[in-house]
**Q** 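Before we start, here is the structure in question, set down as structure tokens.
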Amino acid sequence: MSARIGVVTFPGSLDDVDTHRAIARAGGTPVPLWHDDSALRGVAAIVLPGGFSYGDYLRCGAIARFSAVMETIVEVAAEGMPILGICNGFQVLCESHLLPGALVRNKHRRYRIGHQPLAMSNDSAWTSGYESGQRAVIPVKHGEGCYVADEATLDELESSGRVVARYLDGNPNGSMRDIAGIRNAAGNVVGMMPHPEHAIDPLTGSSSDGLTIFSSVLKQLGVGTR
């Protein structure tokens with residue numbers, strides 16, 4: 001029996017279908033969730049995919065945080081359910097205060113797309129399948145991916161091992177301390193700016209390095225993967 005993993009679609013989400021495919025490729029059962037519906041349909045984990053929720057009007061993720069499904073997600077995140085935010089999903093998690101800091105416009109003020117080497121941590125529900133410090137190549141595509149936080153928050157993230165992905169061989173957006181992804185203190189909520197759902201098959205992506213994100217959470221849930 002495979003685990004049911006919910007994928008939230010907001011108005012403007014782009015990568016929900018790719019996320020469904022990545023979950024299925026890892027051996028899970030993707031379940032569509034609608035932003036205006038608080039029902040979670042029996043899922044064991046949730047992904048907030050990339051895109052432009054509500055057109056990114058006002059500020060990226062700032063409107064999405066008030067959607068009905070996010071009220072429920074905040075509750076289940078506190079109870080330990082694994083939650084992953086990718087790109088715009090990462091922005092939504094920060095706006096919802098499930099993760100600290102914020103994502104702002106790229107420091108060079110240009111949109112960035114490319115295959116990005118990362119150093120991965122294995123200390124979260126979504127990254128436990130990597131070796132500590134393992135190099136992974138996962139695409140980036142964003143205009144507002146510069147991670148910022150005050151120095152005390154950055155120091156806390158570093159000292160508690162909560163940086164789960166760090167840019168290697170160049171920083172595509174000017175993120176402070178080369179941070180590409182972080183987790184919460186419990187390790188069940190993860191946000192990352194690169195797109196693992198676009199790196200599940202070398203035929204269509206840079207590598208299959210992103211598939212480990214999805215197989216990691218299935219293992220965490222005690223479900224066999226394929």
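All heavy atoms count here, side chains included; hydrogens, waters and symmetry mates do not.
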**Q** Just by distance, do the side chain of H108 and the backbone of R110 share a donor-acceptor pair under 3.5 Å?
**A** yes
**Q** Let's go through H142 and N106 carefully: what are the C-alpha distance in whole Å and the side-chain angles of both, what is the deciding distance for side chain to side chain contact (heavy atoms under 4.5 Å, CB included) to 0.1 Å, and is it a yes or a no?
**A** CA-CA 8 Å; H142 56 253; N106 295 347; 3.3 Å; yes
**Q** Grab the two heavy atoms, one from A180 and one from P194, that are nearest each other, plus how far apart they are.
**A** O-CD, 3.5 Å
**Q** Any side-chain heavy-atom pair from I200 and S208 closer than 4.5 angstrom?
**A** no
**Q** Looking at every non-hydrogen atom in both residues, tell me the closest pair between G61 and D56 and how far apart they are.
**A** N-OD1, 4.1 Å
**Q** What is the distance from atom CG of L221 to atom CE of M81, rounded to the nearest 0.5 Å?
**A** 9.0 Å
**Q** Does a donor on one side chain sit under 3.5 Å from an acceptor on the other, for N122 and S128?
**A** no
**Q** Looking at every non-hydrogen atom in both residues, tell me the closest pair between V217 and A45 and how far apart they are.
**A** CG2-CB, 4.3 Å
**Q** Keeping Q91 on the side-chain end and E144 on the backbone end, is there a donor-acceptor pair under 3.5 Å?
**A** yes
**Q** Given side chain to side chain contact (heavy atoms under 4.5 Å, CB included), test V92 with M70 step by step and report yes or no.
**A** CA-CA 9 Å; V92 174; M70 286 307 303; 3.9 Å; yes
**Q** Measuring only between side-chain heavy atoms, which start at C-beta, is F10 closer than 4.5 Å to V8?
**A** yes
**Q** Quick one: closest heavy-atom pair of V190 and S124, and the distance?
**A** CG2-OG, 3.5 Å
**Q** Going by heavy atoms in the side chains, are H20 and P32 under 4.5 Å from each other?
**A** yes
**Q** Are L103 and M193 side-chain neighbours, meaning at least one heavy-atom pair lies under 4.5 Å?
**A** yes
**Q** Will you find, in the side chains of S216 and T127, an N or O donor that is under 3.5 Å from an N or O acceptor?
**A** no
**Q** For the pair N88 (side chain) and S53 (backbone), establish whether a donor and an acceptor sit closer than 3.5 Å, ignoring hydrogens and angles.
**A** yes
**Q** Is there a salt bridge (Lys or Arg N to Asp or Glu O under 4.0 Å) between R25 and D18 once you walk through the steps?
**A** CA-CA 10 Å; R25 179 66 64 88; D18 302 82; over 6 Å; no
**Q** What's the spacing between W34 CH2 and S13 OG if we round to 0.5 Å?
**A** 8.0 Å
**Q** State plainly whether the residues E95 and R59 are in salt-bridge range, i.e. N to O under 4.0 Å.
**A** yes
**Q** Quick one: are D15 and I86 in side-chain contact, heavy atoms under 4.5 Å?
**A** no
**Q** For the CG atom of L84 and the CE atom of M192, what is their distance to the nearest 0.5 Å?
**A** 7.5 Å
**Q** Closest approach of A26 and F214, non-hydrogen atoms and distance?
**A** CB-CB, 3.7 Å
**Q** Apply the side-chain contact (heavy atoms from CB on, under 4.5 Å) test between L33 and each candidate in I5, L40, V7, T9; give the one that qualifies.
**A** L40
**Q** Would you say the side-chain atoms of N184 pair up with the backbone N or O of L99, donor to acceptor, closer than 3.5 Å?
**A** no
**Q** Spell out, as yes or no, whether a donor-acceptor pair under 3.5 Å connects the side chain of R183 to the backbone of N188.
**A** no
**Q** Between L154 and Y147, is any pair of side-chain heavy atoms under 4.5 Å apart?
**A** yes
**Q** Looking only at atom types and distance, does a side-chain atom of S215 sit under 3.5 Å from a main-chain N or O of T212, one as donor and one as acceptor?
**A** yes
**Q** Any chance OH of Y111 has more than 12 other-residue heavy atoms, nucleotides or ligands included, within less than 6.0 Å?
**A** yes
**Q** I need the N171 CG to D178 CG distance, nearest 0.5 Å.
**A** 4.5 Å
**Q** Tell me, with the steps shown, if V140 and H198 meet side chain to side chain contact (heavy atoms under 4.5 Å, CB included).
**A** CA-CA 9 Å; V140 295; H198 295 326; over 6 Å; no
**Q** As a quick check of understanding, evaluate side chain to side chain contact (heavy atoms under 4.5 Å, CB included) for S67 and Y54, giving each step before the final call.
**A** CA-CA 10 Å; S67 61; Y54 298 90; 3.6 Å; yes
**Q** Checking side-chain polar atoms at under 3.5 Å, does S175 have a donor or acceptor matched by the opposite partner on N173?
**A** yes
**Q** As an exercise, state the distance from CG of D155 to CG of D150, rounded to the nearest 0.5 Å.
**A** 9.0 Å
**Q** Please check if the side chain of S207 supplies one atom and the backbone of D209 the other of a donor-acceptor pair under 3.5 Å.
**A** yes
**Q** So, for A44 and P82, which heavy atoms are closest and what is the spacing to 0.1 Å?
**A** O-CD, 3.4 Å
**Q** Hey, are the side chains of I73 and L48 touching, using non-hydrogen atoms and a 4.5 Å cut-off?
**A** yes
**Q** Does E158 CD have over 12 foreign heavy atoms under 6.0 Å away?
**A** yes
**Q** Go through the steps for R177 and E151 under the test salt bridge (Lys or Arg N to Asp or Glu O under 4.0 Å), then give the verdict.
**A** CA-CA 10 Å; R177 304 193 189 184; E151 288 299 318; 2.7 Å; yes
**Q** Rounded to the nearest 0.5 Å, what's the gap from CG on D123 to OG on S121? Could you check?
**A** 5.0 Å
**Q** Do the non-hydrogen side-chain atoms of S38 and V69 ever get within less than 4.5 Å of each other?
**A** no
